[in-house]
Asker: 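Dropping a structure here in structure tokens format, bear with me for questions.
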Amino acid sequence: MVVRFADGSELRVPRGTTLAEVARARGESQALVALVDGVPTDLSARLERDATVRFLRFEDPQGRSVFWHSSAHLLAQAVKELFPHAKLAIGPPIEDGFYYDIDVGRPLEPEDLQRIEERMRELAARDQTIERVELPRAEAVRRYQEAGERYKLELLEAIPDERVSFYRQDGFWDMCRGPHLPRTGLIRAVKVLGSSGAYWRGDERREMLQRVYGISFPDPAQLEAYLQRLEEARRRDHRRLGRELDLFSIEESVGPGLVLWHPRGAVVRRCIEEFLREELDRRGYAWVYTPHVAREALWEQSGHLSWYRDNMFSGIEIEGQRYLVKPMNCPFHIAVYASRTRSYRELPVRLAEFGTVYRYERSGVLHGLLRVRMITQDDAHIFCAPHQIEDEICGLLDLAFRVHRAFGFSSYEVTLSLRDPATPDKYAGDPEVWERAEAALEAALRREGVAYTRAPGEANFYGPKIDVYFFDALGRKWQLTTVQLDFVLPERFGLEYVGEDNRPHRPVMVHRAILGSLERFFGILIEHYAGAFPLWLAPEQVRVLPVADRHAAYAQDVRDRLRAAGLRAESDLRAEKVTKKVRDAQVWKVPYMLVVGDREAEGGTVSVRHRTAGDLGPMPLEAFIQRARAEVTSRTAS
RNA sequence: GCCGGCGUAGCUCAGUCGGCAGAGCGGCUGAUUCGUAAUCAGCAGGUCAGGGGUUCGAAUCCCCUCGCCGGCUCCA
């Protein structure tokens with residue numbers, strides 16, 4: 001029998017050789033699991049025919065996923081030992097670790113988690129062999145009925161197969177497709193991260209189970225590194241930095257989810273807005289301002305009342321008319337478009353606005369700036385003829401990448417959400433228009449050389465869309481740009497333009513946001529830069545630090561000249577030592593510190609210290625201004 | 001909204017068994033006049049989230065409300 005490997009080499013082994021033996025023969029001491037002709041397989045499995053084999057380690061995403069899946073079983077085993085009456089639901093691996101949903105009959109407390117973690121360590125150290133066992137379906141049902149494992153029985157109902165696989169380690173059995181690690185001893189480091197309520201099958205009408213989260217590694221040093229990454233994320237938390245750097249606050253007296261942009265945060269926002277304005281002006285957008293409320297009838301016509309009402313703030317009544325606070329800007333932009341006859345000559349009409357909308361978000365989901373009830377979208381709506389879609393999408397992709405590059409986001413992922421061909425009736429609008437539009441989106445992506453993933457069935461009911469995700473400095477993925485075609489609203493509002501043929505035509509509408517919402521983007525940006533904004537965004541760009549009181553007048557003069565040159569400058573005139581002033585400026589993450597004493601006052605110079613590069617030495621004030629202005633204008637990312 | 005954990009000075013946090021409300025940082029005042037990450041001293045600052053209850057007595061125990069945190073569901 002011949003076993004082939006990815007590198008082209010081959011190994012001859014007798015039929016029935018286990019994968020573990022093959023691994024040993026190949027010196028694959030790190031192997032956790034194998035891919036046999038692409039199928040993930042236990043190392044304990046025997047090879048019965050020629051096959052191509054690849055061994056997976058923890059470093060391989062699939063290997064890691066198996067490692068965490070087995071860790072989830074270990075967690076369940078520990079819980080079952082500590083709480084014999086607990087009923088198991090499901091326990092999958094996730095992006096960062098694993099969880100297990102368990103009905104324990106009571107909430108788990110921190111001490112319980114401590115005990116579970118300790119028990120997991122003991123069970124891992126016991127190095128139990130993990131064994132795959134296949135049982136007839138009836139036998140599996142019988143076992144679970146006896147044990148009263150109602151969730152497992154429900155899962156079993158959904159499995160049509162006559163034989164069901166189980167994994168066993170000592171006395172602990174769990175129904176599972178597998179594969180799994182060969183033994184628990186490979187799990188050398190374990191941490192139970194927390195627990196929370198989670199609905200059975202994700203359905204809020206059903207039982208609430210306890211979801212216990214954990215993470216594990218083959219090497220304790222990896223756990224240590226992981227915990228340090230968590231600590232780094234805590235250090236960058238925008239809620240913490242927002243307070244420390246006086247950027248924003250959310251006050252109980254005002255209301256949850258309602259953001260107060262403090263002066264220092266407002267500066268950053270203004271820079272972001274100005275940058276976007278420049279970019280959009282260059283691309284033929286027209287700016288509009290629209291109200292925050294509108295008559296109920298407008299929301300009826302747009303359809304929001306029927307499908308978005310649960311997310312809307314309740315209405316206000318004025319002179320017997322009901323008004324609702326806007327959860328979206330589109331009806332207003334549509335009203336601008338529809339305010340007069342439109343000719344094909346003026347298409348595409350691109351209407352842009354930093355529009356603040358209000359959405360009712362359930363209290364439990366609010367999270368700093370990332371999830372709020374007041375959302376300022378960098379919104380725009382493009383009204384165009386169907387044949388213009390492709391060019392418009394190209395322009396939007398170009399815009400999105402250019403803008404995000406300026407903020408230091410370079411790696412991305414793109415999904416193209418299309419109709420599900422199986423359920424064409426789920427979608428509104430003409431199937432032919434859909435066809436053409438989907439083709440146009442795809443053509444645009446290819447023309448721009450953008451790598452993307454097709455997601456059939458993920459389209460909105462009103463049109464296909466493109467979502468762009470960017471990765472921040474910590475490697476976390478954020479959906480920022482979204483471009484959505486809409487065939488429904490032009491219909492509902494009867495939008496038209498007069499064509500070359502002097503007859504009315506229906507425009508296509510594109511909803512698009514580049515940054516998403518300014519609140520959320522600001523939160524992401526704070527964490528991305530850990531509060532140390534590049535010069536062009538920094539709330540305070542330069543701080544002048546006089547050495548002693550007698551230098552105060554010169555310091556003020558320097559500050560004023562910086563301001564006259566368009567730089568955001570402050571001076572620190574406190575009767576403190578320079579070291580203290582430097583420290584405070586560093587803590588506030590001010591990019592440039594200018595130390596001025598006798599030598600500088602005499603020569604009209606400044607001694608420049610950069611936040612990260614350190615002491616840059618003395619230079620004429622004018623030279624510094626030139627340098628700083630160039631850095632601002634180029635929007636250098638560092 | 002649901003499950004769990006929290007809420008003490010502007011911030012970070014002590015506060016034992018139910019027995020006088022604390023520290024550091026920050027702020028203010030004064031002294032110091034200093035050359036690239038913290039000078040010294042003094043002072044002010046509290047409805048212990050809010051309300052109700054138990055008790056001779058509540059920051060501490062119980063109940064309700066509000067808010068925050070970690071998740072679930074949802075999502076820009």
Side-chain angles (χ1 to χ4, degrees), chain A residues 99 101 104 106-110 112-113 193-213 234 237 239-240 243-244 246 249-257 308 310-311 327-328 355 357 359-379 467 478-482 484 511-524 543 545-552 573-588 593-600 607-611 613-618:
Chain A
Y99 67 79
D101 280 352
V104 194
R106 67 164 175 91
L108 292 171
E109 286 154 25
D112 297 326
L113 300 182
L193 295 169
S195 75
S196 76
Y199 304 106
W200 168 230
R201 305 223 134 169
D203 185 340
E204 60 187 328
R205 287 164 310 206
R206 304 206 56 181
E207 303 83 333
M208 180 158 283
L209 310 172
Q210 295 299 313
R211 176 169 297 178
V212 183
Y213 286 91
R234 257 193 295 280
D237 191 309
R239 293 166 298 187
R240 171 199 173 114
R243 187 175 49 241
E244 287 175 1
D246 199 12
S249 65
I250 297 170
E251 300 293 332
E252 191 173 339
S253 59
V254 176
Y308 209 71
D310 289 351
N311 289 297
M328 293 188 192
V357 300
R359 296 183 185 172
Y360 166 68
E361 298 285 355
R362 296 155 117 199
S363 54
V365 308
L366 300 176
H367 181 93
L369 292 175
L370 300 181
R371 195 74 186 275
V372 293
R373 287 180 174 157
M374 164 188 138
I375 302 159
T376 308
Q377 297 177 311
D378 63 321
D379 207 359
D467 291 314
W478 302 97
Q479 198 227 94
L480 293 168
T481 300
T482 179
Q484 312 188 0
H511 308 255
R512 47 101 296 183
I514 303 300
L515 304 177
S517 99
L518 293 180
E519 287 79 11
R520 177 165 166 274
F521 185 72
F522 188 35
I524 294 168
R543 188 176 291 187
L545 313 178
V547 173
D549 284 350
R550 64 179 178 281
H551 310 120
L573 303 184
R574 295 174 302 165
E576 296 285 353
K577 304 209 295 195
V578 185
T579 48
K580 167 70 168 168
K581 296 182 185 181
V582 166
R583 180 190 143 80
D584 285 345
Q586 289 283 157
V587 168
W588 282 87
M593 289 149 265
L594 303 185
V595 178
V596 295
D598 292 330
R599 299 195 289 273
E600 291 78 10
S607 280
V608 182
R609 177 189 166 100
H610 184 264
R611 159 177 83 188
D615 195 346
L616 301 179

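Every chain is numbered from 1, with letters handed out A, B, ... down the list of sequences.
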Asker: Partner lookup for B:U29, please. Criteria are Watson-Crick or G-U wobble with both distances under 3.5 angstrom; report none if nothing qualifies.
Answerer: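 B:A41 is the nucleotide pairing with B:U29.
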Asker: Who are the salt bridge (charged side-chain N to carboxylate O under 4.0 Å, His left out) partners of A:K580, not counting sequence neighbours?
Answerer: A:D584
Asker: Distance check, P atoms only: B:A38 and B:G42, in whole angstrom units.
Answerer: 22 Å
Asker: Can you sort out the partners of A:D549 under salt bridge (charged side-chain N to carboxylate O under 4.0 Å, His left out), two or more places apart, ordered by chain and number?
Answerer: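 In terms of salt bridge (charged side-chain N to carboxylate O under 4.0 Å, His left out), with neighbours along the sequence ignored, A:D549 is linked to no residue.
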Asker: Between B:U55 and B:G67, how far apart are the two C1' atoms, rounded to whole Å?
Answerer: 29 Å
Asker: Any side-chain heavy atom of A:R520 within less than 4.5 Å of one from A:I375?
Answerer: no
Asker: Taking atom P in both B:G53 and B:U16, what distance in whole Å separates the two?
Answerer: 25 Å
Asker: Taking B:U60 as the reference, what is the distance to B:U54 when you measure between their P atoms (whole Å, please)?
Answerer: 15 Å
Asker: Taking only residues two or more places apart in sequence or in another chain, which ones pass side chain to side chain contact (heavy atoms under 4.5 Å, CB included) with A:E244?
Answerer: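 In terms of side chain to side chain contact (heavy atoms under 4.5 Å, CB included), with neighbours along the sequence ignored, A:E244 is linked to A:R240, A:L241.
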Asker: Can you sort out the partners of A:D112 under salt bridge (charged side-chain N to carboxylate O under 4.0 Å, His left out), two or more places apart, ordered by chain and number?
Answerer: A:R106, A:R115
Asker: Where each residue is assigned the nucleotide of RNA chain B containing its nearest heavy atom, which of A:Y360 and A:L108 is assigned the position nearer the 5′ end?
Answerer: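 Here A:Y360 is the residue nearer the 5' end.
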Asker: Output all residues satisfying side chain to side chain donor-acceptor pair (under 3.5 Å) with A:R362, sequence neighbours left out; order by chain, then residue number.
Answerer: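 A:R362 satisfies side chain to side chain donor-acceptor pair (under 3.5 Å) with A:E204 only.
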Asker: Say we look at B:A37 and B:A41: how far apart would their P atoms be, to the nearest angstrom?
Answerer: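 Pairwise P distance, B:A37 against B:A41, rounds to 23 Å.
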Asker: In this structure, how many angstroms lie between the C1' atom of B:C2 and the CG atom of A:L209, rounded?
Answerer: 12 Å
Asker: Take atom C1' in B:C11 and the same atom in B:C75, then report the distance between them in whole Å.
Answerer: 32 Å
Asker: Tell which nucleotide pairs with B:A49, taking only Watson-Crick or G-U wobble pairs whose two distances are both under 3.5 angstrom.
Answerer: B:U65
Asker: Within the 4.0 Å limit for protein heavy atoms, which parts of nucleotides 34-46 of chain B are touched? Write it as a string from 5' to 3', B for base, S for sugar-phosphate only, - for none.
Answerer: BBBBBB-------
Asker: Looking at B:C72, which nucleotide sits across from it as a Watson-Crick or G-U wobble partner, both distances under 3.5 angstrom, or is there none?
Answerer: B:G1
Asker: Any pair with a residue in residues 369-379 of chain A that passes side-chain hydrogen bond (donor to acceptor under 3.5 Å, both in side chains), sequence neighbours left out, goes on the list, sorted by first then second residue, please.
Answerer: A:N329-A:Q377, A:N329-A:D379, A:T356-A:T376, A:E361-A:R371, A:T376-A:E519
Asker: For B:U65 and B:G70, measure between their C1' atoms and round to the nearest Å.
Answerer: 22 Å
Asker: Distance check, C1' atoms only: B:G19 and B:C61, in whole angstrom units.
Answerer: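 That atom pair is separated by 15 Å.
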Asker: Evaluate the criterion salt bridge (Lys or Arg N to Asp or Glu O under 4.0 Å) for residue pair A:D237 and A:R239; output intermediate values, then yes/no.
Answerer: CA-CA 5 Å; A:D237 191 309; A:R239 293 166 298 187; 2.6 Å; yes
Asker: Is there a side-chain contact between A:D598 and A:R550, using heavy atoms and a 4.5 Å cut-off?
Answerer: yes
Asker: Rounded to whole angstroms, how far apart are CD on A:E252 and C1' on B:U65?
Answerer: 11 Å
Asker: What residues, two or more places apart in sequence or in another chain, satisfy side chain to side chain donor-acceptor pair (under 3.5 Å) together with A:E252?
Answerer: none
Asker: Any strand counts, and the cut-off is 3.5 Å on both contacts for Watson-Crick or G-U wobble. Which nucleotide pairs with B:A23?
Answerer: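 When the pairing criteria are applied, B:U12 turns out to be the nucleotide that pairs with B:A23.
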Asker: Once each nucleotide of nucleotides 68-76 of chain B is scored for protein heavy atoms under 4.0 Å, what B/S/- sequence comes out, 5' to 3'?
Answerer: SSBBBBBBB
